[in-house]
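Keep in mind that what you see is a predicted model, and the values were worked out from it rather than measured. Worth knowing before you read on, the calculation uses all heavy atoms, side chains too, and leaves out hydrogens, waters and symmetry mates.
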Amino acid sequence: MIAKPTPRPDFADTLSVADGPWAWSSLGRAEGSDARELMASVDAADRHLLRLVLCAAAATLVLALATSLGA
């Protein structure tokens with residue numbers, strides 16, 4: 001007999017079909033400004049993450065340069 005799978009207690013599927021970026025194209029005209037605001041906030045988060053990665057890379061480069069000069 002096949003048992004019905006039970007969901008994991010530590011997993012919560014909170015993203016519905018209407019929440020993802022694939023649903024942005026189905027927005028109406030009245031919701032267009034909200035979609036633009038959502039895209040802007042997503043772009044801002046991407047820029048922030050890229051800035052953090054660039055700072056980590058620059059710090060690594062500075063540390064490598066400092067250790068090579070000290071040797």
Side-chain angles (χ1 to χ4, degrees):
M1 194 158 133
I2 298 174
K4 191 174 189 180
T6 58
R8 292 177 23 189
D10 61 339
F11 176 76
D13 188 17
T14 58
L15 185 65
S16 69
V17 175
D19 290 338
W22 51 87
W24 292 342
S25 62
S26 65
L27 296 174
R29 285 183 179 216
E31 297 171 334
S33 62
D34 293 334
R36 282 189 287 274
E37 291 173 5
L38 183 60
M39 290 286 286
S41 69
V42 169
D43 288 343
D46 288 343
R47 282 192 304 271
H48 184 67
L49 181 61
L50 183 62
R51 192 176 303 138
L52 287 174
V53 170
L54 289 175
C55 286
T60 304
L61 183 64
V62 167
L63 285 174
L65 182 63
T67 56
S68 69
L69 291 177

Going by chain and number, the hydrophobic cluster around Leu54 (ILVMFWY, side chain to side chain under 4.5 Å) further includes Leu50
Check your understanding: Closest heavy-atom contact between Thr60 and Ala56?
Key ->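 Distance-wise, the nearest heavy atoms are OG1-O, 2.8 Å.
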Paired with Leu65, the side-chain contact (heavy atoms from CB on, under 4.5 Å) test is passed by just one of Val62, Leu63, Leu69, namely Leu69
One should read off an interatomic distance between Leu38 CG and Asp43 CG, to the nearest 0.5 angstrom, of 9.5 Å
